[in-house]
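The figures that follow rest on heavy atoms only: side chains count, while hydrogens, waters and symmetry mates do not.
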Amino acid sequence: MTISEWQKEIHALAVHKGWWETARNTGEMLALVHSEISEALEAYRDGNPLDDYYCHLETGKPEGFPIELADAVIRILDLAESCGFDMEEMISRKHAYNQTREYRHGGK
């Protein structure tokens, strides 16, 4: 499945599950992406191996560092589809530009 296809499927599921019954606030959506990254940080701080993921015993919900990164990507793709732009194309454009940049550009 392509990134574009994932984007459409992810957004369609969010719509189906009722998350878009009313207009979503873009700032709130960005904060939710940030919250997933914060959850990844907490998983990292717990000291588990980065590739460790597991399912919650009672709910079966996947958890762990890589799952939180996946949640952030899912939220980004959902937002992108709602805005009407193709993240696959945006990633391709940005990656092509990054290939032209100097080694450790910015000097930091």
* Take atom CH2 of W20 as the centre, draw a 6.0 Å sphere, and report whether it contains more than 12 heavy atoms from other residues, nucleotides or ligands. => yes
* Is there a path from M90 to V73 through hydrophobic residues (I, L, V, M, F, W, Y) whose side chains come within less than 4.5 Å of each other? -> yes
* To do: Verify side-chain contact (heavy atoms from CB on, under 4.5 Å) between I37 and H34, making sure each step is shown before the conclusion.
  => CA-CA 5 Å; I37 298 299; H34 185 275; 5.6 Å; no
* Asked: Heavy-atom count around E5 CD within 6.0 Å, excluding the residue itself: above 12?
  -> yes
* Asked: Is a side-chain donor or acceptor of S92 paired with a backbone partner of E89 at a separation under 3.5 angstrom?
  -> no
* To do: Would you indicate whether the side-chain heavy atoms of K94 and I91 approach each other to under 4.5 Å?
  => no
* To do: Kindly give the heavy-atom pair with the smallest separation between H11 and S82, and that separation in Å.
  => CE1-CB, 3.7 Å
* H16: side-chain hydrogen bond (donor to acceptor under 3.5 Å, both in side chains) partners, not counting sequence neighbours -> none
* To do: Please examine the side chains of L79 and L30, heavy atoms only from C-beta on, and report whether any two atoms are closer than 4.5 Å.
  => yes
* Do E81 and I10 come close enough that some side-chain heavy atom pair is under 4.5 Å? -> no
* Cluster question for you: counting only ILVMFWY and a side-chain heavy-atom cut-off of under 4.5 Å, with indirect links fine, are L13 and L77 together? -> no
* Asked: In Å and rounded to the nearest 0.5 Å, what is the CG to NZ distance from D78 to K8?
  -> 12.5 Å
* To do: Is it possible for you to say whether I3 and M1 belong to one hydrophobic cluster, with membership spreading through side-chain heavy-atom contacts below 4.5 Å?
  => yes
* Listed by chain and number, what are the ring pair (Phe, Tyr, Trp, His ring centres under 6.0 Å) partners of W19, not counting sequence neighbours? -> none
* Under the 3.5 angstrom rule, does the side chain of E63 hit a backbone N or O of H56 as a donor-acceptor pair? -> no
* Asked: How about R75 and D71: do any of their side-chain heavy atoms sit closer than 4.5 Å?
  -> no
* Kindly give the heavy-atom pair with the smallest separation between Q7 and M87, and that separation in Å. => OE1-N, 2.9 Å
* Tell me whether I74 is reachable from L32 by hopping between hydrophobic residues (I, L, V, M, F, W, Y) whose side-chain heavy atoms are closer than 4.5 Å. => no
* What pairs of residues pass the salt bridge (charged side-chain N to carboxylate O under 4.0 Å, His left out) test when at least one of them lies in residues 14-33, not counting sequence neighbours? -> none
* Drop me the distance from R93's CZ to N98's CG, to the nearest 0.5 angstrom. => 14.0 Å
* How far does OG of S38 sit from CZ of R45, to the nearest 0.5 angstrom? -> 9.0 Å
* Structure fact -> What one should report as the nearest heavy-atom pair of P66 and L50 is CD-O, 3.1 Å
* Asked: So, do L69 and F65 sit near enough that their side-chain heavy atoms are less than 4.5 Å apart?
  -> yes
* Asked: Is the backbone of N48 close enough, under 3.5 Å, to the side chain of D46 for a donor and an acceptor to pair up by distance?
  -> no
* Heavy-atom count around F85 CZ within 6.0 Å, excluding the residue itself: above 12? -> yes
